[in-house]
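Quick notes on the structure that follows.
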Amino acid sequence: QDKQSTELSREVTLEPDHEFRFEVEFNNKVQIKLAKGTAEIFGTELAVGITYTFTGRKAAVYTWHGCTLEVKGTCLVEYTANETPMTSYLNTHLALEQLRQRAKMEHELGPRVLVVGPHDVGKTSLCKILVSYSLKQGGKPIYVSLDTTEGSITMPGTVTATCISNIIDVEEGFGSSATTAASMGSSTMPLAYYYGFENPSENVKLYKMVSSCLSNAIKSRMAVDDECRNSGFIIDTAGLIDQVGYDIIQHVIEEFSVNVLIVLGHERLYSDMNRMFSNKNVSVVKLSKSGGVVERDRQFKTRLQRTKIHEYFYGTPKCELSPYSMLVNYDDIKVWRVGDVIAPSSALPLGMEGSSNETQVVKVDNYDMCLHSILAILNADQDEHENRLLESNVAGFVYVSDVDDEKKKVTILSPSPGRLPKKHILMGSFKWMES
Ligand code: ADP
C-alpha cells in the first residue's frame, strides 16, 4: 500500500469568493475532493464526492458560494486567498455572452477574442475560464492555442484549434495529449499545424504562415457549424510582447478578424494596444493578473514539455496508451525540415523580409538527423508539391527511437498500429529521450 492511501486527509473550508491555491511537484500526488458546497478549477465545476488527483500542477480551487474540501498528500505550496480577479473575469464572460446572443439573432460570427500579455500572467487560465463558462451556458466555443511553447492541446511546437463541446478535464487541463494521440488520423483529432519550434521569434515568417492556415481552417469550420459560429473563439498566445510580439499580434488580429482584445496584467501593453487597435473596431479590455499565478521557470517548462510528449505516446494514469514500435524503410517516408534560417526576420529591421528559406522545406536525406526527433505526419497527399507541404495540417506525431543506416530503416514509435497514414513527415527542433 502506498503512503498516499494511508495518509489522513485534511479539511479546507473556503468562504464565498475565496480560493485554495496549491502546487504539486512532478514526483508527487495530491488528491482533492469536494465534500460540500460548490467549487471550480479554472471555470470547470468539481463534482461533489469525486476524488481528483494532481501531479506536476499549479492551480486553484475557487468557490463563488463557499465549500469544504478534503485534501490529501503534500503540496509544495498551499494557501487560501480571498483576493481574486474572478468577478472581473465573470463580467468579461457576461459581456462576451451578450455578443454571442446578438450573433445568434443576427446569424453572425460570435466574438473573436485574443488574450495577450507577458509570460506567466494567467493567459491560459483565463482562456480556460472563459471557454468553460461559455460551455456551461450551452455554447460551443473554439479554443485556439498559438502558444507553441506549451502545447496545451497536443505537442509543443504546434498551433491548434479545438472545438470545446465537452467539459474540460480538471485533472489534465485541456485534456491530455493522450486523448489527441488516441484520435490520430481521425476527425476528432484537434486541428493542428506544426511550426516545429518553441518560440515564435525563432521563425516569425513560418509562425505567421501556420497561424494563417489555422485561421482559414477555423473560418471554414465556422461556415458549416452554426453553434461554433455563434460562440466564436478564444485565442491563447505565447507571451511575446517585444517588437516581434507586437508584429505577431497585429498579424493575428487581422488574420483571425479579432474584435475583442484582452490585455492581461500589463499596463504599458494595454496602453499600446489601445492606441494601435481601438479605432479599428476592436474592443480593448484590460484585466488584472491573479495573485495566484505562479511563474514557471525554465526547468518547469522543459519538464512540462517532456511530460506532454510522454503523455502523447504513453497516456496518463487515467487513460493509459501503449504505443507501437515499428520499422520503416527510408524509402517509405519523406522527411522534411524547414530550410536553415540564416537571418531570421526577427533579427532584421522591421519591415525587411527575411530569406525565403524560412518557409521552404528541404528534404532530410541524412536520417541520423532525425534520431530522437518528434516528427509530425502531414495530412498531405503523396504527390503534394513541396511548396505546399507546410500548409498541411497534422495527422499525428511519431518519434524516431533508432536509425539503422546500414539497413536503411528507422524505428518509429507511434500511437497507432499499422502503416503510417501519410508519407510526408515534418521535422522540427524538438528532441526527446524516453526515460
Ligand atoms: P500564462 O498562460 O500567462 O503563461 P498560465 O495561465 O499558464 O499563464 O498560469 C501560469 C501558472 O500559474 C500555471 O501553472 C497556472 O496553472 C497557475 N495559476 C494560474 N492562476 C492561478 C491561481 N489563481 N492560483 C494558483 N495557480 C494559478
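Counting starts at 1 for both ligands and their atoms, in listed order. Nothing fancy with the numbering, it's 1 onward along the sequence.
- On a distance-only criterion, Lys123 and ligand 1 share at least one N/O pair closer than 3.5 Å.
- At a cut-off of 3.5 Å, with distance as the only test, a side-chain donor of Glu255 or Ser212 sits close to an acceptor on the other residue.
- Counting only N and O atoms by type, the side chains of Tyr62 and His18 include no donor and acceptor under 3.5 Å apart.
- Residue-to-ligand polar distances place Glu19 within reach of ligand 1: an N/O pair is separated by less than 3.5 Å.
- Between Phe397 and Tyr194, the gap from one ring centroid to the other is short of 6.0 Å.
- At a heavy-atom cutoff of 4.0 Å, ligand 1 is contacted by the side chain of Arg296 but not by its backbone.
- Outside the 6.0 Å centre-distance limit, the rings of Tyr312 and Tyr399 are not counted as a close aromatic pair.
- If you number the atoms of ligand 1 from 1 as listed, the ones under 4.0 Å from a heavy atom of Ser290 come out as 23 (N).
- Residue-ligand proximity, Val121 to ligand 1, at heavy-atom distances under 4.0 Å covers atoms 1 (P), 3 (O), 8 (O).
- Side-chain atoms of Thr84 come within 3.5 Å of backbone atoms of Met86 as a donor-acceptor pair (strictly under, hydrogens ignored).
- Counting heavy atoms only, Gly292 comes closest to atom 22 (C) of ligand 1 of the residues Gly292, Gly291, Gly117.
- Among protein heavy atoms, atom 12 (O) of ligand 1 sits closest to Val294 N, 3.1 Å.
- Only the side chain of Phe42 comes within 4.0 Å of ligand 1, judged by heavy-atom distances.
- Classified by interplanar angle (parallel below 30°, tilted 30° to 60°, perpendicular above 60°), the ring pair Phe20/Phe22 is parallel.
- Partners of Lys301 under the salt bridge (Lys or Arg N to Asp or Glu O under 4.0 Å) rule, at least two apart in sequence or in another chain, are Asp120.
- For Asp236 and Ser145, the side-chain atoms include no donor-acceptor pair closer than 3.5 Å.
- From the protein, the heavy atom lying nearest to atom 16 (O) of ligand 1 is Lys58 O, 2.5 Å.
- The protein heavy atom nearest to atom 19 (C) of ligand 1 is Ser125 OG, 3.2 Å.
- Ranking the protein heavy atoms by distance from atom 8 (O) of ligand 1 puts Gly122 N, 3.0 Å first.
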